[in-house]
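Notes follow the structure.
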Amino acid sequence: MSDVVSFAKEGSIGLITVNNPPVNALSQAVRAGIKESVEKGIADPDVKAMIILCEGRTFIAGADIREFGKPPMEPHLPDVVQSIEDSPKPIIAAIHGTALGGGLEIALGSHFRIAHSSAKVGLPEVKLGLLPGAGGTQRLPRVAGVEAALEMITSGDPVSAAKAKEMGIIDEITEGDLKKAAIAYAKRVIDEQLPLRRVSQLEAKLDTPTVFEDFAKRNARKFRGFLAPYKCIEAVKAATELSFPEGMKREREIFVELQASDQSKALRHVFFAEREVVRIPGLPEDQPTRDIKSVGIIGAGTMGGGIAMCFANAGIPVYLLDVSQEFLDKGMATIKKNYANTVSKGRLTQEEMDKRMSLIKPTLSYDDLKDVDLVIEAVFEDMNIKKEVFKKLDTVCKPGAILASNTSYLNINEIASVTKRPEDVMGMHFFSPANVMRLLENVRGEKTSPEVYATAMKIGRKIGKIPVLVGVCDGFVGNRMLAQRTRECAFMLEEGALPWQIDKVIYDFGFPMGPFAMADLAGLDVGWRNRKAKFDQLTEREKRCNILDKICEMGRFGQKTGAGYYKYDEKRNPTPDPLIEELIINHSKEVGIERREIGDQEIIERAIYSMINEGAKILEEGIAARPLDIDIVWIYGYGFPRYRGGPMFYADLVGLNKIYEAILKYREAVGPEYWTPSPLLEKLVKEGKGFYSK
Ligand code: 3H9
């Protein structure tokens with residue numbers, strides 16, 4: 001037998017054991033090993049039943065994703081599953097950990113399924129832009145019903161063993177030793193001569209003929225932009241309309257189509273990028289880190305409060321410090337309200353809320369921070385105030401404590417310079433709302449020690465974030481790139497576009513919101529204040545392009561004042577405002593720009609390609625170590641559509657030469673100070689490469 005699959009006999013039972021760490025993925029060797037083992041069991045007259053089980057932490061977690069995109073190798077998974085189902089001798093799948101994708105398909109091909117109570121089962125292919133391609137779309141509706149199958153296959157979310165039993169996916173659950181229980185089950189099957197249950201022979205019954213349309217309609221918001229969920233629905237529908245073999249054929253066709261799609265390539269890229277992002281090039285796997293057992297947060301505002309919640313959620317005690325009792329009371333009240341909201345939605349118990357609240361201790365005294373392992377400053381974005389805070393922290397905090405700033409653009413090196421321990425200082429940039437958004441931009445300063453930033457990466461993961469390590473520059477990775485988009489969108493307003501036109505194009509590209517709706521949500525005063533602070537550094541055109549100032553001068557700060565670029569009703573629904581349209585048209589006149597029609601393609605190019613060019617500069621300067629770091633920042637911090645893989649992956653899909661040509665076009669039209677191709681981009685284009693294809 002192969003190295004990764006073994007066959008052994010225990011009495012009259014054949015044990016087919018998969019051992020392919022880390023997750024027993026179905027590589028070619030595993031597929032071949034299972035098939036051969038089944039054949040061996042069938043051929044052996046002493047074997048009366050077989051069990052498929054796994055070593056290590058989990059049952060088979062699916063097809064080997066690393067093999068996708070390579071030429072397919074026999075035996076193909078659907079055939080392996082079919083050979084299991086066709087076996088004249090009973091085969092039992094014994095599930096622990098997670099039976100996912102092809103793993104669950106193997107189990108559904110088996111005649112019986114037993115699981116440990118802690119196990120989960122699911123078909124997560126949709127998350128990779130695929131559908132279950134080894135019979136999952138045909139067998140699951142037959143065993144669990146059409147609606148349940150649609151939900152499970154299009155969401156990709158796993159269900160617990162108990163729920164799976166309720167759904168008919170699992171036959172038996174054990175609390176004890178799985179192998180023993182599976183053997184006992186197999187003996188029962190033999191002794192009682194239980195008939196083999198071949199799922200393909202069941203019928204996928206349709207209760208309501210409109211179930212597919214209804215389901216798609218109900219989930220339209222969730223599926224927006226994604227191709228795979230609709231294809232999954234199509235395949236499940238085939239299970240209700242076609243014979244099993246024809247349904248399998250249909251499933252295969254769709255699988256092959258999806259596998260070759262840009263969306264699936266992008267989603268698979270994100271799967272691996274998410275895992276790779278925490279590995280820091282140049283740092284050894286066993287890089288020492290510091291223990292973080294307690295934390296101090298400076299500033300009880302929206303950011304500080306949200307950050308405090310992240311640590312409390314992970315069971316880490318937090319001191320929340322502010323300068324007045326009033327601010328503290330307000331901050332604590334907001335935290336309480338947020339938790340209470342979650343409790344009222346049934347996603348948190350009152351007891352758990354009380355526990356988390358008790359971990360957050362409000363304080364007015366820096367002395368309380370003397371023993372904490374990590375401090376995160378989240379005060380007003382003002383260099384002088386930050387320096388004052390860090391000077392204080394430097395005197396109060398114990399040696400070895402990490403001192404971090406949550407600044408979204410200020411220079412970490414300058415902040416570190418006021419302390420006697422710049423090696424312990426870094427940026428930890430959370431995104432608002434901090435208790436919800438997954439991204440954490442960890443910013444290493446010139447002098448930050450590897451032990452310190454490795455600790456920030458580790459604690460980031462512990463509190464449920466996706467941490468990305470970046471370097472110091474104005475706005476770091478995310479906001480620096482965003483500034484490009486913001487500028488181009490403002491320029492397009494004065495050249496002929498309107499906010500709702502641009503927003504629609506960006507929304508249709510796949511972002512959750514367009515830039516102007518987003519600005520209204522965040523508060524226009526924030527951008528206005530930033531603009532004022534940096535006014536001297538702006539170009540003449542940027543200074544003149546003051547539509548934002550004009551809107552803010554009218555007291556329109558966005559959603560919170562009921563009006564910004566849009567006007568809002570009491571439920572905060574936006575509508576385009578003729579007043580703003582007039583203001584923009586008048587502005588164009590004032591600055592002597594003749595308005596013209598701006599096409600959707602131009603909006604995409606100016607909003608997105610400008611960011612890609614900046615991303616290339618960021619790579620060149622080493623602010624981000626790899627293109628995947630940038631992609632993850634944009635997917636998790638700014639809602640870049642996951643199915644496009646992030647800006648740098650998307651650039652490769654478009655083709656860097658096309659992006660380069662567009663940049664040259666806008667260099668002419670808008671100006672070289674905004675549109676000069678990054679040398680890295682230029683080089684890659686010359687070499688015919690992409691950011692990822694080396
Ligand atoms: C499929 O099945 C298609 C079929 O329907 C049809 C075919 C015809 N392949 O996540 P972790 C690696 S599609 C290759 O950190 P955890 C992962 O990259 C598949 N590699 O662990 C990582 O490597 P590294 C449907 C895989 O404990 C290491 O394993 N199945 C695969 O937090 C550890 O992973 C899925 O989509 C794979 N399938 O979570 C399941 N899976 O150490 C995807 C993992 O080098 N997997 N790796 O970075 C998961 O959801 C999680 O990995 C799992 C474990 C929950 C299993």
Side-chain angles (χ1 to χ4, degrees), residues 4 18-32 34-35 54 56-84 95-109 118-140 149 152-160 228 231-232 235-236 248-261 263-265 267-280 285 461-462 464 466 628 632 642:
V4 287
V18 180
N19 186 10
N20 185 28
V23 297
N24 289 316
L26 289 157
S27 63
Q28 190 276 338
V30 173
R31 297 195 302 272
I34 294 176
K35 190 160 180 275
C54 291
R57 66 192 209 229
T58 179
F59 192 77
I60 299 163
D64 188 336
I65 307 166
R66 290 178 208 272
E67 281 184 4
F68 291 169
K70 298 184 186 151
M73 283 181 292
E74 289 191 343
H76 304 305
L77 190 57
D79 300 336
V80 177
V81 175
Q82 198 55 52
S83 73
I84 294 170
I95 300 169
H96 75 291
T98 41
L100 298 178
L104 181 56
E105 290 175 304
I106 292 263
L108 288 171
S118 61
K120 286 184 175 172
V121 305
L123 292 170
E125 287 87 344
V126 73
K127 296 186 178 176
L128 301 169
L130 299 167
L131 52 61
T137 66
Q138 304 304 296
R139 286 194 177 89
L140 191 64
M152 201 161 152
I153 294 173
T154 59
S155 73
D157 295 333
V159 298
S160 65
K231 293 287 176 183
C232 290
V236 174
M248 284 300 290
K249 223 172 108 199
R250 187 72 200 107
E251 179 192 86
R252 184 77 206 149
E253 284 162 6
I254 306 178
F255 182 82
V256 170
E257 177 194 331
L258 284 177
Q259 203 187 6
S261 69
Q263 284 208 359
S264 179
K265 284 179 199 154
L267 289 164
R268 280 179 268 147
H269 153 68
V270 177
F271 177 86
F272 288 114
E274 276 169 0
R275 286 160 177 79
E276 196 56 33
V277 76
V278 291
R279 293 188 193 117
I280 307 306
E285 290 265 317
R461 279 221 284 182
K462 185 154 182 210
I466 306 232
L628 68 87
I632 293 295
R642 203 178 159 83

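First listed ligand is number 1; within each ligand, the first listed atom is number 1. Values in this document were obtained by computation on a predicted structure and should not be read as measured data.
- With ligand atoms numbered from 1 in the order given, ligand 1 contributes 4 (C), 5 (O), 6 (C) to contacts under 4.0 Å with heavy atoms of E105.
- Residues R642 and Q263 have side chains not in contact (no heavy-atom distance under 4.5 Å, counting atoms from C-beta outward).
- In this structure, atom 13 (S) of ligand 1 lies nearest to the protein heavy atom E125 CG, 3.7 Å.
- Residue P124 touches ligand 1 through its side chain alone, judged by heavy-atom distances below 4.0 Å.
- Looking at S118 and H96, their side chains never come closer than 4.5 Å, going by heavy atoms from C-beta outward.
- For ligand 1, the polar-atom distance check against G102 finds a nitrogen or oxygen pair separated by under 3.5 Å.
- Tested against I106 for a side chain to side chain contact (heavy atoms under 4.5 Å, CB included), the candidates V30, L77, V18 yield a single pass: L77.
- Every N/O-N/O distance between T98 and ligand 1 stays at or above 3.5 Å.
- N20 approaches A25 most closely through the heavy-atom pair ND2-O, 2.8 Å.
- Atom numbering of ligand 1 starts at 1 in the shown order; those under 4.0 Å from a heavy atom of P132 are 5 (O).
- The N/O atoms of P78, backbone and side chain alike, include none that comes under 3.5 Å of an N/O atom in ligand 1.
- For atom 14 (C) of ligand 1, the closest non-hydrogen atom of the protein is D64 OD1, 3.2 Å.
- The shortest N or O to N or O distance between F255 and ligand 1 is not under 3.5 Å.
- Remark: side-chain polar atoms of N24 are not paired, donor with acceptor, to backbone N or O of F59 under 3.5 angstrom.
- V159 has its side chain out of reach of K120: every pair of non-hydrogen atoms, C-beta onward, lies at least 4.5 Å apart.
- Looking at N19 and P21, their side chains come closer than 4.5 Å, going by heavy atoms from C-beta outward.
- By the criterion of a heavy-atom distance under 4.0 Å, neither the backbone nor the side chain of H76 is placed next to ligand 1.
- Considering both main-chain and side-chain atoms, F272 never comes within under 3.5 Å of ligand 1 through any nitrogen or oxygen pair.
- When side chains are defined from C-beta on, K231 does not count as touching L130, because their heavy atoms never get closer than 4.5 Å.
- The presence of a protein heavy atom under 4.0 Å from atom 32 (O) of ligand 1 is ruled out.
- A heavy-atom separation below 4.0 Å is not found between E276 and ligand 1.
- The pair R31-D79 does not count as a salt bridge, with every side-chain nitrogen at least 4.0 angstrom from each carboxylate oxygen.
- Under the 6.0 Å distance and 45° angle rule, R66 does not count as a cation-pi partner of F68.
- The shortest heavy-atom contact between G129 and L258 is O-CB, 3.5 Å.
- Set against the non-hydrogen atoms of R279, the atoms of ligand 1 under 4.0 Å away are 24 (P), 42 (O), 45 (O), 48 (O).
- Within the 4.5 Å cutoff, side-chain heavy atoms of C54 are placed close to those of I60.
- Residue-to-ligand polar distances keep L128 apart from ligand 1: every N/O pair is separated by 3.5 Å or more.
- Taking every heavy atom of G62 and a limit of under 4.0 angstrom, the matching atoms of ligand 1 come to 2 (O), 30 (N).
- Here C232 contributes atom SG and L140 contributes atom CG; the two are 11.0 Å apart, rounded to the nearest 0.5 Å.
- Under the 3.5 Å distance criterion, with hydrogens and angles disregarded, a donor-acceptor pair is assigned to the side chains of E251 and T137.
- Interface atoms of ligand 1 facing P22, defined by a heavy-atom separation under 4.0 Å, are 28 (C), 29 (O).
- The protein heavy atom nearest to atom 46 (N) of ligand 1 is F271 CZ, 3.7 Å.
- The nearest protein heavy atom to atom 4 (C) of ligand 1 is closer than 4.0 Å.
- Using a 4.0 Å cutoff on heavy atoms, E67 does not count as a contact of ligand 1.
- Counting protein heavy atoms only, atom 6 (C) of ligand 1 is closest to G133 N, 3.5 Å.
- Residue V23 touches ligand 1 through its side chain alone, judged by heavy-atom distances below 4.0 Å.
- Nearest to atom 20 (N) of ligand 1 among the protein's heavy atoms is R66 NE, 4.1 Å.
- Counting only heavy atoms of the protein, atom 39 (O) of ligand 1 lies nearest to R57 NH2, 4.4 Å.
- Between E67 and K70 there is no salt bridge, since none of the side-chain N atoms of the basic residue sits less than 4.0 Å from a carboxylate O of the acidic one.
- A63 O, 2.8 Å is the protein heavy atom nearest to atom 38 (N) of ligand 1.
- For atom 55 (C) of ligand 1, the nearest non-hydrogen atom of the protein is L100 CD1, 4.0 Å.
- Between R275 and ligand 1, at least one pair of N/O atoms sits closer than 3.5 Å.
- When A99, A61, S27 are checked for heavy-atom proximity to atom 25 (C) of ligand 1, A61 turns out nearest.
- Between L26 and I34 there is a side-chain heavy-atom pair separated by less than 4.5 Å.
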